[in-house]
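Below is one structure, written out as structure tokens; comments come after it.
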Amino acid sequence: MSEAIVEAVGIEKSYPQPDGTRIQVVGATNLVIEPGKIITLLGPSGCGKSTLLRMLTGLSQPTAGALLWHGKPLDGQMPNVSIVFQSFALFPWLTVLENVEAPLEARGVPAVERHKRALRTLDTVGLDGFETAYPKELSGGMKQRVGFARALVVEPEVLFMDEPFSALDVLTAENLRGELLELWLNKKMPTSAIFIVTHNIEEAVMLADRVMVLGRNPARVRSDFNVRLKHPRDRKSARFVELVDYIYKVMTEPEVEHALPDAETTAEIILPPGGLTKDALKKQEAPVRTARYQMLPHARVGGIAGLLELLHDRGGREDLFRLAEELVMDVEDLLPILEACVLLGFAWLKEGDVQISPQGVAFAEADIQQRKVQFRQAALEHVTILKQIDSILKRKSDHSIADEFFHDILDEHFAEDEVQRQFETAMNWGRYAEIFDYDREKGRLLQTEPPAPGESAPIGNHDSVSAPKS
């Protein structure tokens, strides 16, 4: 194994809570970035991929553990890395050339030198001729090329990319992946390693020398393996499909340990000379707890209904990889819908396949009003926060309560950026099922009486929409 550029040994990330405890978002994680490799990091939405990337780049400090650069602690110094973001993050008032020169100017590089390096890098990524253009004049693909150039112009030892192709259309994203790989394989990039956070499984297998898959609550490495396929890679080859299917299984069955088919996992961890110091892995004084409160997948009822109808039409069972391919959906879009179906008892996941349950069949065959009743029954049986809301509203004399109450509950179990997403999903499901209504202006939840099967729903101030049958 080559000398590691970046070594993360037992790094963790947690956030303090008002009661003195800390919510653990990233569990103790070991990770090595070696020269000469493209590493891709996959994981479900909200699992902590970007948080881990920020720690590896020095933008965020780990709560515990050791982060080493060439075997030495960073000690507050920024490592020689660059980041390409999902959003293009260009300065709209600067030209393409000025945008690329910006990081060199920040580092104090003289004007003539930074001008030459910026022009050379723009030529490398195919943007010569657009030096004087402004971002508003460029397409999405060209804007992201500017982002690549700006990251490469500082000649980073490691290039970090946070879902760099997800904001682009399918064809543009595919073109840019090919160009990135061409630059890398032909050694036209002044960088020793590339670390890509992505939600696209095929993209990960297509590009990477090594793939890592994270679980969540808290984030932890569930799989870490080398992709032993030569470039260019054939998406339809048996091994490629096998690896994609394996990753789907790991991501959709978090409680099951899957063995990588016919290959060895990379389990070697590089420790700093002399082992870990007490300071590196010392325990925090404040107690740490993981987010054990049920996390709702961010799926809307229309998507849940549509998937169940599709499964029902296809005989009740379908391979996840084939389903995603035919629907032209990324895993980031499909997995929350699958997780919602499983959580509500409408489907099961087995060996990389999704299978509709009897309850799911009944839902797919029901009319609009019957679906609302069945969704209500499933939600009150399986979804903790909706059961709590229903129970509290029934016990309150005025059958209403402030939404802040549930925000506070969620805040005890999730990081700040996840609280609002959980609340909005709960509101969407609960209002569709007529468990409650929500007065957003007053910030109050109100109990409603659901219609009996076959009856029309009362006309009210609902903004959730039933999914029509196809």
Side-chain angles (χ1 to χ4, degrees), residues 27 29 31 39-49 52 163 196-229 233-267 295 297-299 303-304 307-308 310-311 314-357 360:
T29 299
L31 189 151
I39 301 171
T40 55
L41 181 69
L42 288 157
S45 177
C47 73
K49 300 187 296 293
L52 184 56
E163 302 198 18
I196 305 175
V197 168
T198 179
H199 61 256
N200 188 316
I201 292 177
E202 285 196 45
E203 175 180 287
V205 179
M206 181 62 71
L207 295 176
D209 301 296
R210 179 175 153 212
V211 174
M212 301 180 66
V213 185
L214 289 186
R216 65 184 180 193
N217 295 338
R220 63 184 180 90
V221 178
R222 297 203 61 229
S223 183
D224 183 356
F225 63 93
N226 289 319
V227 180
R228 306 182 191 280
L229 293 173
R233 293 173 180 169
D234 181 5
R235 295 175 187 269
K236 299 186 183 299
S237 71
R239 182 58 177 168
F240 190 98
V241 173
E242 191 175 44
L243 289 175
V244 169
D245 194 50
Y246 163 73
I247 296 172
Y248 265 105
K249 291 177 182 178
V250 173
M251 292 181 65
T252 57
E253 298 178 334
E255 304 304 321
V256 179
E257 293 298 327
H258 293 279
L260 182 68
D262 303 323
E264 296 180 357
T265 57
T266 57
M295 177 178 277
H298 305 299
I304 296 169
L307 179 60
L308 292 173
L310 183 62
L311 287 174
R314 295 187 173 206
R317 184 164 181 158
E318 187 60 270
D319 176 81
L320 289 180
F321 175 45
R322 186 181 302 113
L323 183 62
E325 191 175 50
E326 292 183 9
L327 293 175
V328 195
M329 293 181 71
D330 289 332
V331 65
E332 188 86 349
D333 300 318
L334 182 59
L335 278 184
I337 302 174
L338 290 170
E339 292 173 356
C341 289
V342 172
L343 173 62
L344 293 164
F346 291 149
W348 304 301
L349 289 169
K350 295 182 177 180
E351 294 299 318
D353 292 352
V354 57
Q355 180 177 331
I356 196 168
S357 69

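Residue indices begin at 1 and follow the sequence shown.
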Whether T29 side chain and G27 backbone form a donor-acceptor pair below 3.5 Å: yes

CD on E318 to CG on D353, rounded to 0.5 Å: 7.5 Å

D319 side chain near D245 side chain, heavy-atom distance below 4.5 Å: yes

C341 and V354: CA distance, side-chain angles, deciding distance, side-chain contact (heavy atoms from CB on, under 4.5 Å) verdict: CA-CA 10 Å; C341 289; V354 57; over 6 Å; no

Min side-chain heavy-atom separation K49-C47 under 4.5 Å: yes

Pairwise distance OG(S357) to CG(L308) - rounded to 0.5 angstrom: 7.5 Å

L335 vs H199 side-chain heavy atoms within contact, under 4.5 Å: no

Pairwise distance CG(L42) to CD(E203) - rounded to 0.5 angstrom: 8.5 Å

Within-4.5 Å side-chain heavy-atom neighbours: F240 and D234: no

Heavy-atom side-chain proximity of F225 to I247 below 4.5 angstrom: yes

Side-chain (R216) to main-chain (P44) donor-acceptor, under 3.5 angstrom: no

CZ on R233 to CG on L207, rounded to 0.5 Å: 8.0 Å

Closest approach of G48 to A219 (non-hydrogen atoms, all atoms of both residues): CA-CB, 4.5 Å

Nearest-0.5 Å distance, CE of residue M206 to CG of residue L243: 11.5 Å

Heavy-atom check, side chain of I39 versus side chain of D209, under 4.5 Å: no

Considering all heavy atoms, the nearest T198-E163 contact: CA-CG, 4.1 Å

4.5 Å side-chain heavy-atom contact, P297 and L343: yes

Check: E202 main-chain N/O paired with R235 side-chain donor or acceptor under 3.5 Å: no

Audit row: T40, V227, side-chain contact (heavy atoms from CB on, under 4.5 Å) steps and yes/no: CA-CA 11 Å; T40 55; V227 180; over 6 Å; no

Side chain proximity check, L41 to L214, heavy atoms < 4.5 angstrom: yes

S223 (side chain) donor-acceptor with V213 (main chain) under 3.5 angstrom: no

Point-to-point distance, once rounded to the nearest 0.5 Å, from CG of L338 to CE of M251: 11.0 Å

